Structure formats: structure tokens, C-alpha cells
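Here the structure is laid out as C-alpha cells; the discussion comes afterwards.
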Amino acid sequence: QVQIVESGGGLVQPGGSLRLSCATSGAIFSIAAMGWYRQAPGNQRELVAKITSGGTTNYADSVKGRFTISRSSENAKNTVSLQMNSLKPDDTAVYYCNMDAWVSGAPRRNYWGRGTQVTVSS
């Protein structure tokens with residue numbers, strides 16, 4: 001069983017910063033990539049940032065220069081973080097952690113966390 005747990009969401013004023021973290025656990029054989037997606041009310045879920053096992057990063061145009069994704073594999077724990085600076089009201093959404101991985105006994109697929117709310121408002 002794979003668990004993906006996000007933390008770090010909340011309410012922040014425009015121009016402020018937040019750091020999201022995502023911790024994974026379970027019988028994970030290999031991870032191809034981890035990333036963050038977001039979904040605002042009435043919108044489709046969209047990619048925010050992604051990092052591959054090789055360290056290649058990919059960002060949505062709307063967050064380039066403001067958000068930074070990083071990944072750690074310390075102590076057999078795979079975590080991914082998203083540092084969000086210069087936040088704007090348009091960044092308001094539920095943010096979901098994603099893991100593209102091979103889990104023991106299963107073919108490669110995407111796994112999702114339950115999401116964490118980020119609200120940017122004065």
C-alpha cells in the first residue's frame with residue numbers, strides 16, 4: 001500500500017511565501033518522477049512543477065521564477081517539496097502531490113495525495 005501525504009498549505013497574503021511538502025511511504029520499487037498539480041474551483045487539474053528521478057525539472061509558465069521544486073530520498077523516505085514565493089491570488093487552489101512510480105507488484109502508474117488547500121488573499 002502506498003501513502004502520499006501533503007502538508008504546508010494555508011492562507012497567505014499576496015506576495016507571501018509557503019512551502020509545501022509531500023512524504024511518501026510504502027513498497028515503492030522505483031520512482032520515475034514526482035510533482036505538484038493544482039486545481040482551482042471550476043478548473044481542470046494542471047501541472048505546477050515536476051522533477052524526474054534524474055533531477056530534471058519542469059514548471060508551468062505561470063509559476064516560473066516564483067516556485068521551486070526539490071526532492072529528497074534521505075533515510076529511504078522519498079519526499080518532494082514546493083517552495084512558493086511571490087504568491088498571487090491566482091495561485092489559490094488545492095495542491096496535489098503526484099508520484100509516477102513502480103510499486104511492488106504493480107505496473108508503473110500515477111499515485112496521488114489527497115491535496116492541501118492554498119489560499120492567497122488579503
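Just so you know, these numbers use all the heavy atoms, side chains as well, and skip hydrogens, waters and symmetry mates. Since we're looking at a predicted model, the values are computed, not measured.
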Item to check | Side-chain touch Gln83/Ser70, heavy atoms, less than 4.5 angstrom | outcome: no
Next on the checklist: For a 4.5 angstrom cut-off between non-hydrogen side-chain atoms, does Pro89 reach Ser121?
Outcome noted: no
Checklist entry - Cluster question for you: counting only ILVMFWY and a side-chain heavy-atom cut-off of under 4.5 Å, with indirect links fine, are Tyr111 and Val80 together? => result yes
Checklist entry - Got a salt bridge between Lys50 and Asp100, using NZ or NE/NH1/NH2 to carboxylate O under 4.0 Å? => result no
Checklist entry - Taking the side chain as C-beta and beyond, is there a heavy-atom pair between Asn58 and Leu47 under 4.5 Å? => result yes
Next on the checklist: Rounded to the nearest 0.5 Å, what separates atom CG in Leu18 from atom CG in Leu82?
Outcome noted: 9.5 Å
Next on the checklist: Has Glu6 got a side-chain atom pairing as donor or acceptor with Arg114's backbone, closer than 3.5 angstrom?
Outcome noted: yes
Next on the checklist: Checking the side chain of Arg108 only, and the main-chain atoms of Ala101 only, is there a donor and an acceptor separated by less than 3.5 Å?
Outcome noted: no
Next on the checklist: Closer than 4.0 angstrom, basic N to acidic O: yes or no for Glu46 and Arg38?
Outcome noted: yes
Item to check | Separation between OG1 of Thr52 and CZ of Arg71, rounded to the nearest 0.5 Å | outcome: 8.0 Å
Checklist entry - How close do Ala27 and Val103 get, heavy atom to heavy atom, and via which atoms? => result O-CG1, 3.2 Å
Checklist entry - Among the clusters formed by ILVMFWY side chains lying less than 4.5 Å apart, do Tyr37 and Ile69 turn up in the same one? => result no
Checklist entry - Is there side-chain contact between Leu20 and Met84, with heavy atoms separated by less than 4.5 Å? => result yes
Checklist outcome for this item: For Trp102 and Ala32, the nearest pair of non-hydrogen atoms, with its separation, is CZ3-CB, 4.0 Å
Checklist entry - Going by an N to O cut-off under 4.0 Å, is there a salt bridge joining Lys88 and Asp91? => result no
Checklist entry - For Gln117 and Thr119, does a side-chain donor sit closer than 3.5 Å to a side-chain acceptor? => result yes
Checklist entry - Are Ile51 and Val48 grouped together when hydrophobic residues (ILVMFWY) are joined by side-chain heavy atoms under 4.5 angstrom apart? => result yes
Item to check | N/O donor-acceptor pair under 3.5 Å between Gln3 side chain and Ser25 backbone | outcome: no
Checklist entry - So if you build clusters from Ile, Leu, Val, Met, Phe, Trp, Tyr with side-chain heavy-atom gaps below 4.5 Å, do Tyr96 and Phe67 land together? => result no
Checklist entry - How far apart are the C-alpha atoms of Leu87 and Asn85, what are their side-chain angles, what is the distance that settles it, and do they pass the side chain to side chain contact (heavy atoms under 4.5 Å, CB included) test? => result CA-CA 5 Å; Leu87 282 160; Asn85 299 327; over 6 Å; no
Checklist outcome for this item: One should read off an interatomic distance between Cys22 SG and Met34 CE, to the nearest 0.5 angstrom, of 4.5 Å
Checklist entry - Are Val2 and Ile31 linked, directly or through other ILVMFWY residues, by side chains that come within less than 4.5 angstrom of each other? => result yes
Next on the checklist: When you measure from the side chain of Thr24 to the backbone of Asn78, do you find a donor-acceptor pair of N or O atoms at a distance under 3.5 Å?
Outcome noted: yes
Item to check | Separation between CG of Asp90 and OG of Ser62, rounded to the nearest 0.5 Å | outcome: 8.5 Å
Item to check | Face-on cation placement of Arg45 at Trp112 ring, 6.0 Å and 45° thresholds | outcome: yes
